Number of protein chains: 2
Amino acid sequence: MKDDELYFWNGPLPETQAPAPGPVPEPWDQTTVVGKPVIRIDAYDRVSGSAQYPSDVRLADMLHAAVLSCPHAHAMVRKVDTSAAEKMPGVRAILKDGDVGTNVPWFAGRGGFSSRLFDPHCRYEGDEVAVVAADTIYQAWDAVRAIKVDYEVLPQVTSVADALKPGAPAVRDGGNAIPPGKPYVRGNVEAGFASADVVIEHTFTTPCELQNAMELHGCVAKWDGPRLTIWESTQGVFGVQTGVARALNIPLANIRVIGHYMGGGFGAKLSAGKYSVMAPLLARKTGRPVRLFLSREQVCLGMGNRPANTITLKAGVKKDGTLVALQSKAVGSGGAYSEGGTGGVDFVIRELYACPNVHCENANVFTHAGPERPFRAPGHPQGAWALEIMLDALAAKIGMDPVALRFKNVTLVSQTRTGNPSYTSTGFADCLTKGAEAFGWAAARARKPAPSHVRRGVGVAGGIWQGGGGSPPSTAIVKLFADGSANLNMGASDIGCGTKTWGAQIVAEELGVPMDRISVEHADTGTTQFATPSGGSKTVPTESPAIRSAALEVKQQLYAMAAEQLKLPATDLELRGSEVVSKSDATKKVALGQIQAFGRRGLLVGIGYRVPNPPGSVVNPFGVQFAEVEVNTKTGEIKVLRFLAAHDSGRVLNPKMFQNQLIGGITMGIGFGLTEDRVMDDRQLGKLLTVNLHDYKLPTALDAPADKTMVIVDPQDRAFSNTGAKGVGEPATIPTAPAIANAVFHATGLRLTDAPMSPARVLTAIAGQKPAPAGQKGRE
Amino acid sequence: MKDDELYFWNGPLPETQAPAPGPVPEPWDQTTVVGKPVIRIDAYDRVSGSAQYPSDVRLADMLHAAVLSCPHAHAMVRKVDTSAAEKMPGVRAILKDGDVGTNVPWFAGRGGFSSRLFDPHCRYEGDEVAVVAADTIYQAWDAVRAIKVDYEVLPQVTSVADALKPGAPAVRDGGNAIPPGKPYVRGNVEAGFASADVVIEHTFTTPCELQNAMELHGCVAKWDGPRLTIWESTQGVFGVQTGVARALNIPLANIRVIGHYMGGGFGAKLSAGKYSVMAPLLARKTGRPVRLFLSREQVCLGMGNRPANTITLKAGVKKDGTLVALQSKAVGSGGAYSEGGTGGVDFVIRELYACPNVHCENANVFTHAGPERPFRAPGHPQGAWALEIMLDALAAKIGMDPVALRFKNVTLVSQTRTGNPSYTSTGFADCLTKGAEAFGWAAARARKPAPSHVRRGVGVAGGIWQGGGGSPPSTAIVKLFADGSANLNMGASDIGCGTKTWGAQIVAEELGVPMDRISVEHADTGTTQFATPSGGSKTVPTESPAIRSAALEVKQQLYAMAAEQLKLPATDLELRGSEVVSKSDATKKVALGQIQAFGRRGLLVGIGYRVPNPPGSVVNPFGVQFAEVEVNTKTGEIKVLRFLAAHDSGRVLNPKMFQNQLIGGITMGIGFGLTEDRVMDDRQLGKLLTVNLHDYKLPTALDAPADKTMVIVDPQDRAFSNTGAKGVGEPATIPTAPAIANAVFHATGLRLTDAPMSPARVLTAIAGQKPAPAGQKGRE
C-alpha cells in the first residue's frame with residue numbers, strides 16, 4: 001500500500017492535474033487568531049443540547065426501524081417468516097433477503113469481498129437478517145422479535161489458530177487467510193542480527209477493541225420524488241453519498257447526505273453502512289421518512305473493531321544503542337469481513353527509527369466474528385506496543401536511558417520511502433528532549449520508590465503516524481457578506497475535533513473578520529464542496545490550506561475593488577481590521593462597508609483548492625509520551641498519575657482543541673493499555689459477551705490522568721502547505737499504552753507485553769515473579 | 001428613477017468593476033434541452049404535497065404566534081394591557097411596543113419613511129400592535145383577543161381627494177402628498193397637440209388590487225446560539241437576511257434564510273416583513289422556535305396592494321395615424337406607507353410608441369389605508385389601461401385599424417433613454433403582425449355580430465416592461481459529480497415560475513447531463529450564492545447567464561482533464577452526451593466516468609457571474625395581446641372567450657413554463673380588468689370590506705379563457721447576454737385589461753375606461769347609452 005493512502009477517497013490527485021494554486025499567500029508569521037486557544041464556535045449548541053445530531057432528527061410522519069440480527073456466529077438462513085410480525089400493530093414494512101431492492105451488490109470495505117444486503121449466509125453474530133419499519137420504535141422491536149427465522153446453524157471458527165488449521169470451517173470461499181502483502185524488506189536482517197551486541201525476541205499481544213462511539217450508527221432517510229435526503233452519523237457525507245448511490249443505482253446529485261453534527265467516529269463511520277441503504281428502501285416502500293439507528297449491542301457486534309494482533313518482534317542493538325535490525329511478524333484477525341482496518345501494523349516498526357535492516361510480515365485471518373474497521377491509527381498502536389516496549393527492554397539490557405536510546409536512533413530522513421527523502425519537519429528529537437525536560441524525566445527516573453506495595457514508575461514511548469500530511473482533493477468556498485461577516489463552506493465533517501472552529505479561525509485570520517461574525521456550512525453533499533471523509537488525521541492538513549486559499553481569493557477580489565475606488569494599485573493595499581488601507585499612505589483607506597462595488601455585488605465568493613504537497617516531500621507527525629503510573633501490587637490495579645505528551649504536528653491551529661485531541665487520544669490509549677478488550681464466550685461459540693458499556697470497559701474521565709501536560713514542538717518548517725499544519729488525532733493515541741507499560745516496568749520490574757494490562761494479568765505476572773525493585777531490570 | 005432599477009439590490013454593478021466574463025460561450029444555435037417544454041423538476045413534490053413550504057415547517061417545541069392588529073384606520077395606542085393574556089393557558093411570550101428588542105428602526109421600503117416595530121401611531125387598519133407566542137395557534141389567537149388596548153381614535157382620511165384638502169388629517173408629518181418626481185418631458189406637447197388632426201383627452205381609473213398570494217405572509221424562526229435560521233415565504237432570501245440583520249443588529253453571516261418553496265409572490269414578498277423580526281424576537285425570548293404567519297385578513301389589510309390610479313391622458317394623432325403628442329397626469333394612493341410600488345405608471349406611455357412630444361406627471365398621496373407594494377409590473381397595467389384604450393379610441397376616430405395604428409407608431413429605438421439607443425431586440429412589430437395573423441384579427445374584426453343581447457367583439461393592446469433585461473449581480477455555482485450528475489447552486493427563489501427547472505435545463509444543455517440527474521440547491525443564504533430577489537421579470541435574464549457561465553467553467557475544467565488523459569489539445573475536444581470526444585478524430589474519446597483526474601477530484605466546481613449587458617444596450621420585453629369577448633348586455637357580464645398573447649421575450653428557455661407565465665399574467669389581467677377591487681367601507685372609516693377570498697374577487701381557473709394561444713416572437717438578437725433570454729412575468733399582465741376593454745367596445749360600442757369593468761359598471765354604461773352595433777365607433 002502506498003503511504004498516506006489509507007483514507008483517500010480515490011487516491012491523491014496527480015500534481016499535473018491539480019487545480020492552479022490560486023493567489024500566493026503572504027507569510028503567516030504573525031497570527032492573531034490562528035494558533036490561539038479560541039473556544040469552539042458550536043460550544044453553546046453542544047453544551048445546551050440545541051445541536052441536532054442525526055439521531056435527534058424527527059420528521060413529520062417518520063417511521064422507526066429496527067434490524068433483526070443473526071444470533072449465531074455461523075448459519076445459513078433457510079426461511080424468514082414475517083407473517084406474524086406483519087400483522088402487529090404499527091408495522092408498516094418489513095424487508096428481508098429477496099425483497100425488492102435488497103439484491104444490491106454491497107461493497108463491504110476494501111477487502112474486495114461483498115455480500116448481499118441481507119446475506120443468507122451469516123458469518124458472525126450480528127449479521128443482518130431483516131429490518132422492520134413501524135410507527136414507534138417499540139413496535140419495530142416487538143415485530144423484530146416476532147419474526148421467525150429458520151437457521152441452519154453451521155460450525156464456526158473464532159480463533160486465529162483454529163481458523164488456520166486444515167479443515168477448519170471456512171469463513172469465506174477463498175480460505176480463511178487474507179492474502180498477505182509482500183513482506184517489507186530493507187537491508188539484511190540476518191546480517192544485522194549477527195552484528196548486534198544484544199538481540200531480543202518476544203511475542204506481544206494486543207486486544208480487539210470495539211469502537212463504541214457515543215452516537216450509535218444509523219440514519220434518517222426521506223424521499224422527495226426521485227431525490228433522497230439522508231441525515232447520517234458519519235465521518236464523511238460524500239462517502240455515504242457514493243455508497244448509497246451505488247447500492248440504489250441513483251445519481252449522486254439526487255442523494256443529499258447531511259452530517260452537521262455526529263457523535264463520534266474513529267474510523268467505523270468512514271463510509272455508508274447497510275443501514276444507510278435499508279432506511280431509504282423502507283422509506284421508498286412506505287412513502288414516509290424512516291429513522292434507523294442500531295442498538296448499542298448491534299454496534300458492539302458488527303460496527304467495527306481494532307483487530308487483535310499477535311506480533312513477534314526481534315530486535316538487535318549495539319552496545320552504544322545503535323539499532324541494527326528489526327524483524328516483525330504480525331498476525332491479526334479481521335473477523336468475518338475485511339473493511340480496511342488490518343494494515344499499518346508495521347509502519348511504526350519500519351519508519352520511526354533509523355535502522356538499516358528491517359523485515360516485516362503482516363497477516364490477517366478471517367474468523368466468525370464481527371468485522372474490523374479502520375480504528376484511530378489502524379495498526380499503529382499495535383506496532384508501537386511491540387516496538388516501544390522492545391526499545392525499553394533493549395535499553396534496560398544495555399543499561400542505557402530509554403530516552404537516550406530513542407534519541408540515538410532518531411532519523412531525519414524517511415526510512416521506508418524510496419531514496420530516503422527528508423521529512424518536511426522532524427520534531428521527534430525535540431519531542432524527546434523537550435518532553436523529557438518538561439516531564440522531569442531524569443529526576444523521576446532516578447527517584448527511589450517508597451517501600452510499599454504501591455509502586456510508582458515512569459515510562460516513555462514514541463510514535464509516528466503514517467498519514468497526517470494531507471493531500472488533494474479538497475475544495476472550500478469562503479463567502480464575504482457586505483457587512484464584513486463571512487461564511488465558510490466546506491464538505492468536511494466535524495467529528496468532534498473542532499473542524500468548524502479552526503476553519504473559521506483561518507477565515508478570521510486571513511480576512512480580519514471576528515470569530516463571532518463567521519458562520520460555517522459543512523458536511524452536506526447538497527450544499528457544500530467536496531471533501532474526503534474526516535479520518536486519518538488528515539482533516540487539518542487537507543482542508544486548512546484549501547480554506548486559506550479560498551479566503552485569500554476573497555481578499556484579492558476585495559483589493560481589486562478597493563484599488564479601483566481608491567485609485568491605487570491593488571498591490572499597495574492591505575486589510576487592517578475592517579478597512580482596506582494603503583501600505584504607502586495610511587490615510588488612504590476605505591472601510592469594507594464603504595466599498596461600493598462590494599455592496600453592489602451582494603457578497604464575494606472565493607474558491608480554494610488543496611494543492612499537492614511539494615514533490616518528494618515527506619510529511620509525518622511525531623509524538624513522544626511520558627507516563628507516571630502507580631501499580632498496586634496487591635490488587636493488580638494500574639493508575640496513570642501523570643502524563644505528558646510532546647508532539648510535532650507542525651503549526652497548531654488551536655492549542656485548546658489540540659490539547660483536547662491529545663487528551664482524547666491518550667484516554668483511548670489508556671483503554672488499549674489497561675481496560676478495553678472484546679470478550680467472546682469461552683466455549684468458542686462466537687458469542688460476544690461485551691455488548692454494552694457496562695461489560696466493555698471504556699475508560700472514563702475518571703480514568704484519565706488528572707495531571708496532564710502538553711508540549712507543542714513546532715519545527716517551523718511549514719513549506720509543505722500554506723498552513724503548515726499536520727494531523728494529531730491519531731498520533732495522540734499511538735505511544736500511550738507502551739509508555740504506561742514501560743512505566744509499569746520501571747515501577748515494578750514486571751515486563752507486561754499483553755494488552756490490556758488488566759489487574760488479573762498484573763497479579764498473574766506478580767505470582768510468577770516477585771516484583772523487583774523499581775528501576776531495575778525485570779523479566780524480558 | 002433610472003430605468004430598470006426597480007428591483008435591484010443595491011443598484012447595478014458598474015461595468016468596470018464587474019467580474020471577468022469567464023469562458024466565452026460557444027454559439028447556442030442548436031439546443032436539445034433549452035427551449036424545450038420540459039416539465040418542472042419539482043412537479044412531483046408540488047402535486048403530491050411533499051414539497052415543504054415555509055408555512056409547512058414544523059419544528060420540535062415550536063411555538064405559534066399571532067399578531068394583534070389595530071382595528072382603526074388612524075389611532076394612537078395609549079396603553080396595551082397584556083395582564084389577562086399573559087395568564088392564559090399556553091401563552092409563552094407577548095411583545096408590544098417598548099419591550100426589549102422592539103425599538104428597531106424599521107426600513108419600510110423605498111419611501112424613506114420608517115416606523116417602530118409596533119408603532120404606537122397606527123396609520124391604517126391592520127397596523128401591528130402586539131404579538132403573542134403560545135403552544136398552539138388557537139391559544140395564541142385567544143390571547144390576542146384578550147389583550148386590552150386603549151386607543152385614542154383619530155380622524156382618518158381615506159380618499160386621495162380628501163387627503164389633498166387643506167387641513168386634512170395628516171397621514172405622515174411631511175404632508176399627505178408623496179413628493180412627486182420631476183415631470184418627464186420630451187419635445188413640446190403644446191406644439192404637438194397643435195399639429196395633431198385629432199386630440200382626445202380622457203380620465204381613466206384603475207382599481208386598488210390586493211396581492212393575495214396563495215401562501216400567507218410569515219416565517220418560522222429558530223435560534224442556535226447566536227445563529228438564526230428563518231424559513232420564510234419570500235421572493236428573495238438575501239433581502240430578508242439584510243432586513244433582519246439591520247433590525248436585530250446581527251451579522252449577515254449569522255442569519256440563514258431558507259425559502260426553498262414559496263406559495264406565490266407578486267412583489268409583496270420582496271423583502272423582510274415585520275413578522276420576519278417578531279418571530280426571531282419571540283424565539284429569542286422563549287428559547288423555542290416560533291412560527292408566525294399572518295391571517296388572510298391581515299394579508300389583505302396590510303401586505304401590499306397595487307395603488308388605485310386616476311390617469312388623465314391627452315393624445316394627439318395625425319390622420320395617417322402618426323402619434324404627435326402624449327400628455328399624462330397620474331394620481332395614485334400608496335396608502336399609509338410607500339413601499340416601492342407607486343412608480344412606473346407612465347413608462348408605457350412614454351416608451352412604447354414613437355412620439356416626439358411627451359409630458360408625464362405622476363403623483364402619489366398618502367391615505368389611512370394599507371400600504372402599497374410593488375405588484376407585478378408596478379404602474380404598468382395602469383399606464384397601459386389608459387394608453388391602449390386611448391389608442392383604440394384614436395383609431396376609431398380616424399377610422400384606422402387598431403393594429404395598423406400601433407404598427408404605424410412602432411419604434412426601433414428607445415424613446416426615453418438619452419440618445420435614443422436601439423433596442424437589442426424589437427419584436428413588437430412582429431408581435432402585432434404575427435399575433436394578428438394567428439388570431440385571425442382581420443376576419444374577426446370584420447365579422448358582423450349576431451343580433452342578440454350577447455355581443456361578441458375583438459380587441460388588441462400592446463405593452464412594454466421597464467425591466468426584463470437583467471443585470472449583475474448574480475453568482476451561480478455548478479457542481480459536477482464523478483458519476484456525471486450535477487448540482488446547480490444559486491441564490492434565486494423560485495416564486496412559482498419554474499426557476500429551478502430552467503436553471504437545470506441550462507446545466508443540462510451545457511454539460512449534456514440528463515435532467516433527472518440534476519439537483520438544485522437554491523434560495524438559502526447559508527448555502528447558496530448571492531441573488532437579488534425574484535421580481536421585476538429579471539430572474540431569467542439575470543440568473544440564466546450566470547448559470548450558463550458556471551456550467552461552461554465546469555466544461556473547461558473537464559476538457560483540460562480529458563485533454564491531459566487523451567494527450568490532445570483541449571480545444572480539440574467537445575462534450576457529446578456523457579463522453580468527451582475529439583473533434584478531429586471521433587475514435588479518440590473518454591467517458592466522463594473514465595476521466596481519472598475527475599474521479600480523484602470528487603466533484604468539479606464551476607463558478608459563474610452575471611456580467612453587465614453591453615454598454616448602451618437597451619433590453620426590454622414586448623407583448624401584444626388579442627382578446628375576443630362576449631358581453632351580455634342584460635346582465636352586464638363580460639366573458640373572455642378567446643385570448644392570444646404574442647410576446648417577444650428573447651430566447652424562451654421553456655415554452656411550457658413560458659406559457660404558464662402568460663396564462664397566469666393574463667388571468668391576473670382579467671382580474672384587473674373585470675373583477676378585482678379593494679372595497680373600503682362607504683362611510684370612509686377606512687375599514688376594509690374585502691378581507692377574504694369570498695369578498696375579494698380573484699379570478700379563478702374558470703374565469704380564464706378556455707381558448708388560449710401563445711405566439712413566441714424571437715427576434716434572435718441574443719447578443720446582450722449568453723442566453724439572450726428576457727423576462728415575461730410582468731409583460732404577461734400589462735396589455736390584458738385594455739385588450740378586453742377594446743374588445744368590449746368592438747362588441748358593444750361601450751367605451752369603458754374605469755377598471756374593473758364590473759357588471760354594475762357595464763349596466764350603468766348601457767343605461768347611459770344604447771349599445772351601438774359592434775365594430776362601430778362608440779362614446780369617447
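Just so you know, these numbers come straight off a predicted model, no measurement behind them. Below, all heavy atoms of this structure are taken into account, side chains as well, without hydrogens, waters or symmetry copies. Protein chains get the first letters and strands the later ones, always in sequence-line order, with residue 1 at the start of each.
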*Count the heavy-atom pairs under 4.5 Å between each of A:Glu521, A:Gln557, A:Gln529 and chain B, then report the option with the highest count.*
A:Glu521
*Mark yes or no for whether A:Asp483, through its side chain, and B:Pro251, through its backbone, hold a donor-acceptor pair below 3.5 Å.*
no
*Measuring from B:Ser485:OG to A:Ile255:CD1, what's the distance to the nearest 0.5 Å?*
8.5 Å
_Exam field: side chain B:Asn254 to backbone A:Asp516, donor-acceptor pair closer than 3.5 Å_ = yes
*For the atom pair OH (B:Tyr44) and CH2 (A:Trp223), what is the distance rounded to the nearest 0.5 Å?*
11.0 Å
*Looking only at non-hydrogen atoms, find the nearest pair between A:Val605 and B:Tyr609 and report the distance.*
O-OH, 3.7 Å
*Measuring heavy-atom distances to chain A, does B:Ile607 have an atom under 4.5 Å in its side chain, in its backbone, in both, or in neither?*
side chain
_Has B:Asn487 got a side-chain atom pairing as donor or acceptor with A:Ala253's backbone, closer than 3.5 angstrom?_
no
*Between A:Asp524, A:Thr528, A:Asn489, A:Thr475, which has the largest tally of heavy atom pairs under 4.5 Å with chain B?*
A:Thr528
*Find the one option among A:Gly526, A:Ser474, A:Pro514, A:Gly491 whose heavy-atom pairs under 4.5 Å with chain B are most numerous.*
A:Gly526
*Write down the atom of A:Thr525, the atom of B:Phe481, and the distance for their closest heavy-atom approach.*
O-CZ, 3.8 Å
*With only heavy atoms counted, which part of B:Ser48 is less than 4.5 Å from chain A, the side chain, the backbone, both or neither?*
neither
*Distance, nearest 0.5 Å, that separates CG of A:Asp42 from CZ of B:Arg227*: 7.0 Å
*Quick one: what part of B:Asp45 sits under 4.5 Å from any heavy atom of chain A, side chain, backbone, both or neither?*
side chain
_Between B:Ile41, B:Thr527, B:Leu252, who has the most heavy-atom pairs with chain A when the cutoff is under 4.5 Å?_
B:Leu252
_B:Phe530 vs A:Leu604, test: side-chain contact (heavy atoms from CB on, under 4.5 Å). Steps then yes/no._
CA-CA 8 Å; B:Phe530 185 80; A:Leu604 301 185; over 6 Å; no
*Relative to chain A, which segment of B:Ala486 carries a heavy atom at a distance below 4.5 Å: side chain, backbone, both, or neither?*
backbone
*Residue by residue, which of residues 50-59 of chain B have a heavy atom closer than 4.5 Å to a heavy atom belonging to chain A?*
B:Ser50
*asked:* With a 4.5 angstrom heavy-atom cut-off, is it the side chain or the backbone of B:Ile477 that approaches chain A, or both, or neither?
replied: side chain
